[in-house]
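For reference, the structure is listed below as structure tokens.
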Amino acid sequence: MTNSNGRPNPSIGCSVEQCQYHYGAQDFCSLDKIQIGTHEQNPTVNQCTDCQSFQPKQ
Ligand code: SF4
């Protein structure tokens, strides 16, 4: 199963299957580039960071 982008990006591993850009068959993102950010003023652990390219599946 693939999404509209069609191919996995081996440089971006991702397990968020609820995202429309998740490759599906393998745990990779299918975008060429993603944006990572934070919702914290002073991030200290990985849970403080977010993939801001996430879009829910339609
Ligand atoms: S856009 Fe972000 S959350 Fe979505 S599949 Fe790519 S890396 Fe994962």
Side-chain angles (χ1 to χ4, degrees):
M1 183 171 123
T2 62
N3 62 29
S4 59
N5 293 299
R7 60 191 163 78
N9 182 341
S11 297
I12 307 176
C14 181
S15 60
V16 185
E17 297 180 0
Q18 294 79 7
C19 178
Q20 67 169 291
Y21 300 121
H22 188 267
Y23 179 66
Q26 302 167 40
D27 273 347
F28 291 107
C29 183
S30 60
L31 296 178
D32 292 331
K33 177 240 179 195
I34 59 171
Q35 185 71 33
I36 303 299
T38 182
H39 53 273
E40 303 284 348
Q41 289 194 332
N42 181 28
T44 54
V45 293
N46 61 4
Q47 288 90 342
C48 297
T49 63
D50 307 294
C51 178
Q52 296 178 337
S53 299
F54 171 87
Q55 292 287 337
K57 282 183 175 172
Q58 299 297 311

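The basis for the numbers below is simple: all heavy atoms, side chains too, and nothing from hydrogens, waters or symmetry mates. All values reported here derive from a predicted model rather than from experimental measurement. One is the number of the first residue; the rest follow in order along the sequence. As the structure lists them, so they are numbered: ligands from 1, and atoms in each ligand from 1.
In this structure, Tyr21 and Leu31 approach most closely via the heavy-atom pair CD2-CD2, 3.5 Å. Heavy-atom minimum distance, Asp32 versus Ile12: O-CD1, 4.3 Å.
When atom types are taken as modelled, the side chain of Asp27 and the backbone of Ser15 share no donor-acceptor pair closer than 3.5 angstrom. In this structure, Ser53 contributes its side chain and Gln35 its backbone to a donor-acceptor pair below 3.5 Å.
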Report task. With side-chain contact (heavy atoms from CB on, under 4.5 Å) as the test, would you mind laying out the steps for Ile34 and Gln52 before giving the verdict? Result -> CA-CA 7 Å; Ile34 59 171; Gln52 296 178 337; over 6 Å; no
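Inside a sphere of radius 2.8 Å centred on atom 4 (Fe) of ligand 1, the protein N/O/S atoms present are Cys19 SG.
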Pairs of donor and acceptor atoms involving the side chains of residues 41-49, under 3.5 Å and at least two apart or interchain, shall be tabulated with distances.
unit_1, atom_1, unit_2, atom_2, d
Thr49, OG1, Asn46, O, 2.8

